[in-house]
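Just below is one structure, and these are the notes that go with it.
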Amino acid sequence: MYSVFAVDDEPIVLDGIRSKIDWEKNGFVFAGEASDGEIALSMIQEMKPDILLTDIKMPFMDGLQLSAAVKKIQPWIKIIILSGHDEFDYAKKAISIGIEDYLLKPFTPDEILSSLTKTAQRIDIERKQLSDISKLKAELKSNEMLKKKEFLNNLVHGSENAEDVMTKSQELGISLISRFYKVLISRIQSSSGNIQNQQEACSLLNSYSAAWQQAECFFHHSNLLVCIFKGSTKDELDESIFHAAEAIGHIATKNDDCTVLSAIGKTVEHLSQLQFSYEDAKHLLELGNEGGKNRIVSSDDIAEKTPLSNSALLELKENDPMVTRLKYAGRNDISVIIGESMDLVKKNEGQFSVFASYLLVDLILAVSKLVENFGGDIKVLKPEILQRKFVDEAVQNENDFRRMMEQVLSFALEYRDSKMTGKYGDVILKAKHFIEENYADPNTTLSTVAEAVCLSPNHFSTIFSQECKTTFIEYLTNVRIENAKRLLKETDMKGYDIAYDCGFSDPHYFSYIFKKNTGLSPREYKMSFER
């Protein structure tokens, strides 16, 4: 299935595109629509359709401006221009942007479908070419690519001579001059262990990432994509890196077998400091994939809330290695830590209770420090593990020791995860409140809500979907539909009035979305309460 998004300021055209084509029968999904380019761009940024159908002449942002913006942020999207203007200048500009087709109005549903089908075939061919593993292997073996990879790898590891950086970068055709930098590391994995699928996803990413002007990328090992992002401002840098992280996830997971964990390091101001951003991102990868789910983790998202936030990690790393290990441990590490402790105990047979007590107390102290580091108090949250009775009962035998170790470790990771993923609780509540207050405004979009909570659209989109387990568009649509259901049930308002009151600029689209979400048309839904 290929998802299609349509943009036109004429409701009758949108209605025809939406209702006159049997989408699923022909292998397509009608993903959504908008009446102007500005609103469309915000929706496209989150929905990431495969194909965009757009009119040229529209208010606020015309179709050519929209197409250029879409190609910049999501280059894989194929664009079909719909125009009432048979003018060479329009066609010439559209071709320069990289559109797939140019249809003149009036057009028939069959003409639209024919264009969509040809475009879908091109998508298949392109994906096959871009995911060609032999092409990736050939590139990686080429002398120029090897030199570039070696240089960038040395740069992020801090082993490149600072005096030679600019000279070498110029020789390799790499532009590194900027005000701020961040490192992004994406780990691509096959859920089933199918290396072929993993390699194809990496090859696809290799092709797309090469076109990013704001980043220099290379593969470290077979499935780690490392990207050095640059920006003239911190906001610009955050915007581009979060967009790229989302794009990486979207591209790689075209194969349902693949998952992606992307880790974003802290911002640095000098090339000589890139290694700190790289190490930061590398540590974040150790958090794990949370059961195989796709995720983006940023250093900014898990910054400590205590006054020691800038130095606490370094201090704890020096003073207590176990605290750092717990900070970045995955669920699978619980059994590893317990196994290591059991090995130590078994090396000292006859002194089980002594060594087990020592190891458990050491773990409890590390957990206490970890909790404190995240602003909590172990005496309040888990007071029972501080009691001598807890330790004494745990070291009676190996089974009890394993069980108590697992209990302490599980608590530590659950508390850590609640703080790491809950940092944006206030932001999410503020966003939801804004949506509740403004859902009736058709101009309420991802961008307007992101602005209300003082985050970039890409960053907000990422944290909203990760915290709420749904996309922003899905949530906003659900709020509008639920309010429409309430009005249908409690009032005698006409369907088109309800559509406008719930933020839909087109009553026909409202009916389409309502039925898509509830299985009933607005009229059928209202009648079900009148029987």
Side-chain angles (χ1 to χ4, degrees), residues 3-9 11 14 17-18 29-56 58-79 97 235-236 238-247 249-250 296 424 427-428 430-468 470-481 502-506 509-510 512-513:
S3 57
V4 181
F5 191 93
V7 191
D8 200 300
D9 63 339
L14 283 177
I17 292 172
R18 182 196 328 113
V29 174
F30 187 73
E33 64 182 51
S35 57
D36 73 69
E38 202 168 278
I39 292 176
L41 184 60
S42 176
M43 297 175 71
I44 292 167
Q45 202 167 352
E46 185 178 24
M47 298 176 78
K48 300 177 179 63
D50 296 305
I51 303 172
L52 168 64
L53 294 170
T54 180
D55 186 23
I56 282 187
M58 296 183 295
F60 306 113
M61 178 187 283
D62 67 33
L64 294 179
Q65 291 172 317
L66 173 64
S67 298
V70 166
K71 279 295 184 182
K72 183 178 179 182
I73 62 172
Q74 296 179 6
W76 65 83
I77 294 180
K78 303 302 178 188
I79 301 172
I97 291 170
D235 287 343
E236 176 193 309
D238 284 342
E239 181 73 13
S240 61
I241 202 165
F242 270 96
H243 161 68
E246 286 196 323
H250 179 74
I296 299 170
Y424 287 101
V427 171
I428 298 301
K430 187 176 179 180
K432 288 184 175 181
H433 179 71
F434 184 89
I435 292 169
E436 290 294 338
E437 294 290 321
N438 296 278
Y439 71 86
D441 184 352
N443 294 316
T444 296
T445 63
L446 175 70
S447 297
T448 60
V449 180
E451 184 179 357
V453 297
C454 303
L455 289 175
S456 73
N458 278 316
H459 194 177
F460 172 67
S461 174
T462 299
I463 65 168
F464 190 92
S465 61
Q466 290 184 170
E467 297 288 331
C468 301
T470 184
T471 69
F472 168 81
I473 292 293
E474 290 169 343
Y475 182 83
L476 176 61
T477 300
N478 185 61
V479 169
R480 286 171 167 165
I481 293 297
C502 291
F504 293 93
S505 56
D506 178 10
Y509 185 54
F510 162 65
Y512 170 80
I513 290 295

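The structure displayed is predicted, hence computed values, not measured ones. Any value given below was found using the heavy atoms of this structure, including those in side chains, with hydrogens, waters and symmetry copies removed. Numbering of residues begins at 1 and proceeds along the displayed sequence.
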Tell me, do [X] and [Y] make a side-chain contact under 4.5 Å, heavy atoms counted?
X: Q45; Y: S461; answer: no
X: F464; Y: I428; answer: yes
X: R480; Y: T444; answer: yes
X: S456; Y: D235; answer: no
X: D506; Y: E33; answer: yes
X: L52; Y: V7; answer: yes
X: L446; Y: I473; answer: no
X: L455; Y: I463; answer: yes

Can you sort out the partners of [X] under ring pair (Phe, Tyr, Trp, His ring centres under 6.0 Å), two or more places apart, ordered by chain and number?
X: F30; result: W23, Y512
X: H250; result: W76
X: F504; result: F510

Backbone N/O of D50 and side chain of S3: donor-acceptor pair under 3.5 Å: yes
Mark yes or no for whether K48, through its side chain, and I77, through its backbone, hold a donor-acceptor pair below 3.5 Å. no
Nearest non-hydrogen partners of [X] and [Y], listed with the distance:
X: S42; Y: S447; result: OG-N, 3.4 Å
X: T471; Y: S465; result: CA-CB, 4.3 Å
X: A450; Y: P457; result: CB-CA, 3.8 Å
X: A34; Y: M43; result: CB-SD, 4.2 Å
X: A431; Y: V453; result: N-CG1, 3.8 Å
X: A245; Y: I296; result: CB-CD1, 3.7 Å

Approximate separation, where rounding is to 0.5 Å, of [X] [atom1] and [Y] [atom2]:
X: D8; Y: D36; atom1: CG; atom2: CG; answer: 11.0 Å
X: R18; Y: L53; atom1: CZ; atom2: CG; answer: 13.0 Å
X: E239; Y: N458; atom1: CD; atom2: CG; answer: 4.5 Å
X: D55; Y: L64; atom1: CG; atom2: CG; answer: 10.0 Å
X: D62; Y: E38; atom1: CG; atom2: CD; answer: 12.0 Å
X: I79; Y: I51; atom1: CD1; atom2: CD1; answer: 11.0 Å

Give the intermediate values and the outcome of side chain to side chain contact (heavy atoms under 4.5 Å, CB included) for residues L14 and Y509. CA-CA 8 Å; L14 283 177; Y509 185 54; over 6 Å; no
Picking from V479, N478, T448, what satisfies side chain to side chain contact (heavy atoms under 4.5 Å, CB included) with I435? V479
Which salt bridge (charged side-chain N to carboxylate O under 4.0 Å, His left out) pairs, counting each pair once, include a residue from residues 434-462, with sequence neighbours left out? none
Apply salt bridge (charged side-chain N to carboxylate O under 4.0 Å, His left out) to D9 and list each qualifying residue two or more places apart in sequence or on a separate chain. none
Set of residues satisfying side chain to side chain contact (heavy atoms under 4.5 Å, CB included) with respect to A452, sequence neighbours excluded: F434
